[in-house]
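Structure first, commentary second.
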Number of protein chains: 4
Amino acid sequence: MRKKDETKEPRILDATAEIILKEGAAAVSTVKVAKHVGISQSNVYLYFKDKDDLIMSVYRRELNKIDATGDLELATDQSIPVAKRVRGYIKAVYDFALANPDSLTLIQQVKFLLGQHDTNPFEDYPEHENVVISVLQEAIDAGVIKPVPVSLLMSMVFSVIHTHTLNLQKNRYASNDYDFETFYSLIWGGMKQE
Amino acid sequence: MRKKDETKEPRILDATAEIILKEGAAAVSTVKVAKHVGISQSNVYLYFKDKDDLIMSVYRRELNKIDATGDLELATDQSIPVAKRVRGYIKAVYDFALANPDSLTLIQQVKFLLGQHDTNPFEDYPEHENVVISVLQEAIDAGVIKPVPVSLLMSMVFSVIHTHTLNLQKNRYASNDYDFETFYSLIWGGMKQE
Amino acid sequence: MRKKDETKEPRILDATAEIILKEGAAAVSTVKVAKHVGISQSNVYLYFKDKDDLIMSVYRRELNKIDATGDLELATDQSIPVAKRVRGYIKAVYDFALANPDSLTLIQQVKFLLGQHDTNPFEDYPEHENVVISVLQEAIDAGVIKPVPVSLLMSMVFSVIHTHTLNLQKNRYASNDYDFETFYSLIWGGMKQE
Amino acid sequence: MRKKDETKEPRILDATAEIILKEGAAAVSTVKVAKHVGISQSNVYLYFKDKDDLIMSVYRRELNKIDATGDLELATDQSIPVAKRVRGYIKAVYDFALANPDSLTLIQQVKFLLGQHDTNPFEDYPEHENVVISVLQEAIDAGVIKPVPVSLLMSMVFSVIHTHTLNLQKNRYASNDYDFETFYSLIWGGMKQE
DNA sequence: TATGAATGAGTGTTCATTCAT
DNA sequence: AATGAATGAACACTCATTCAT
């Protein structure tokens, strides 16, 4: 499908994301999306094969935003000590979550819609998975962090940071009440091998 | 009068839970549920006011299971040092999650269906909330654990343990590969004030 | 069907009538009726063959009330001058309508439910019809009232008196603001041959 | 885009009206209507917001027909003596009813469905109401007609004329057996002040 | 590219009716 | 006589999707 109006596809995705955030992924319908964007319902099908494609596109777009931020690269630099690289990974997630406060929620919503229940939304995203998993695994092998399933560690990282962003959005506290070190020490204190 | 089939209500709830686990809460429909149970669709409405009631009943049933296990009581015993009580709380969640491997997933699914995004499913369950929150808050006040938002701590506990049960269900490792101490040290190491 | 509780059948009819008056005949359902009476839905079927029978019974009961008042007999007395007998008929309808302010409404509602549109609800009730028709026809033949279709005359009588009772129920004026003579002169003035 | 079928909306309204006339307003269902028109059930919702809108549209269409005939204007002409204007009003209703023999029935059916019991269907139609009420009220004030509630007079006019059209439809007599003067004298004879 | 029209399958829900107790 | 349980058919309504323009 060729597109003339370059802004329309993202606008459709934006509308979809908005609905997901407000009403949950299950509440998405092409009718609602079209109404939000101000286009006809059938127009959606020019940009997305079907509803599934639409929702998965929202999902993929959020995942791509992570790549775009690119902070993870630090974690792959083999010349840096592994503990610092783990910290780099946590920092990358933290920065990303603050910069894109809805991303984690969107990703989780879509996954829950599909009936999968992983607490760690990044799990099935190969590129990151590999980077993150290998850093953590290295750290485990080096005796720097505890020998526990990597998925547990990732889940811990994401749940803590995601909860933080949700708290911020709900104005449960001010954004400068806690800084990265707070969350880092919470996470690192748990995983580090003593 | 026809005698009441005492097993039917739970069977309907079971079918609903099964669908939620397999396809996600959004995929629940009265038709599917009825077909699962082998009754007519309208029969569902004899046991549940409407679809919402049905889904909320699944939700409530899981929450009640937590009460039934009652392990949390240890955490409220003021004569025990607060650090031990925090451990008691973590143990209670752990035991419950292992005994009811689907509960956390069911609860999260229902909450996600409603469009809420809390990582911690116990949050809106007053009784537990109060107990857990007050124990953690006490521990913070006593300088035993780090002064971070209680919601972060709870979310950490749940995500780690939930991920563990999911891993077990997916046969990612054997159930005796890791024991409670593994998860406790992971969590406690993070939250404890050093 | 034999009935033990002699009061139950009328109570069911009362409930049905109440619903008809409040929500219209189309809104009657056995569920609602049973709930109103405080019995089980299926119990209704012990007293009435089906929903149609129930509604028609309400209808018939109202028609029977007219017979019970028996004021019409005056109209049949051949020894009385026909003009007086016409007056007797109008008076009978008037008295009946005031004594049973809901009857005409109930009858009309049922007829409208069935999709018939006669303005004169008594039309298909043989006994009265005969009496009334023959009095009016006699009056026409005697040159006392205008030679118009009898149905028009009856419809005029009923609509005027019915509207009056509705006005009273809606408190549009007090019940002693107008008396029988008002309506009689309105009706009689129209039909009488000058 | 598929070109709009201009005839479809009226065809849906026609089908609905037909059902109302044959089976009563309570018997209208979107399935029946669609089947009548030969379209899919959901197509009805492209033209009418919901079933209520559909039925009210039938109602409104009939009321608009009255405006379209516009004969009532004569009744508002202040330069004409009030008695003549009352006659103009009655004539307008008569002409309208003959030209649109189903209109009064349709209007009444819809009103009865809504559970209202007014005998006079024009009552809640502000424009006409105002015109008619004020003419009649003027006539009362001028001592030309009897001082009775206006609603009674209107109800008399409508019931007589409506019954006439029903009689015609049922072939109870030929359309030229009676003319306007018959009904006018019946009505006017009743209301006029002597 | 874009749209309005159309549809068929689906949803939740109500209800009249039957049946076994 | 009375009831709770059960059902199947109906209903209003929504939605994903297709098609002709």
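Per chain, numbering begins at 1; letters A, B, ... match sequence-line order.
- Rounded to whole Å, the distance from CD1 on D:Ile55 to P on F:dA12 is 8 Å.
- Other residues, nucleotides and ligands contribute more than 12 heavy atoms inside 6.0 Å of the NZ atom of A:Lys65.
- Contact annotation: the side chain of A:Val58 never approaches that of A:Ile55 to less than 4.5 Å [non-hydrogen atoms, C-beta and beyond].
- Contact annotation for C:Ser42: base contact, defined as any heavy-atom pair under 4.0 Å involving a base atom.
- Considering only heavy atoms from C-beta on, C:Val37 stays 4.5 Å or farther from C:Asn43 through its side chain.
- Regarding A:Arg11, its CZ atom lies at a distance of 9 Å from the P atom of E:dA2, rounded to whole Å.
- Proximity of A:Met56 to A:Phe48: side-chain heavy atoms (C-beta onward) are nowhere separated by under 4.5 Å.
- In this structure, the NZ atom of B:Lys51 is 17 Å from the C1' atom of E:dT14, given to the nearest Å.
- Residue contacts shown for D:Val28 are limited to sugar-phosphate atoms, with no base heavy atom under 4.0 Å away.
- Atom pair D:Ile39:CD1 and E:dA5:C1' shows a separation of 11 Å (rounding to whole Å applied).
- Here the P atom of nucleotide F:dA6 and the NZ atom of B:Lys35 are 19 Å apart, to the nearest Å.
- Here E:dA5 presents its C1' atom at 7 Å from NZ of D:Lys8, a figure rounded to the nearest Å.
- The two residues B:Val44 and B:Ile12 make their nearest non-hydrogen contact at CA-CD1, 4.4 Å.
- Heavy atoms of C:Ser29 sit under 4.0 angstrom from primed sugar atoms or phosphate atoms, though from no base atom.
- Between D:Gly38 and C:Asp52, the residue whose closest nucleotide on DNA chain E is further toward the 5' end is D:Gly38.
- Rounded to an integer number of Å, the gap from CD of D:Glu9 to P of E:dG4 is 16 Å.
- The side chain of C:Tyr45 contributes no N or O atom lying less than 4.0 Å from OP1 or OP2 of F:dA1.
- The interatomic distance linking D:Asn43 (CG) with F:dT17 (C1') rounds to 15 Å, in whole Å.
- Along DNA chain F, the nucleotide closest to D:Lys49 and the one closest to D:Ala27 are compared, and the more 5′ of them pairs with D:Ala27.
- Remark: C:Thr30 is in phosphate contact with E:dA16, judged by side-chain N or O atoms under 4.0 Å from OP1 or OP2.
- Where C:Val31 and D:Gln41 each meet DNA chain E at their nearest nucleotide, the meeting point lying more 5' is that of D:Gln41.
- The partner of E:dT17 is F:dA6, by the rule that a Watson-Crick or G-U pair needs both atom distances under 3.5 Å.
- For A:Tyr47, a side-chain nitrogen or oxygen approaches OP1 or OP2 of E:dA2 to under 4.0 Å.
- Nearest to the side-chain atoms of B:Ser40 among the listed nucleotides F:dA5, E:dT3, F:dG8 stands F:dG8.
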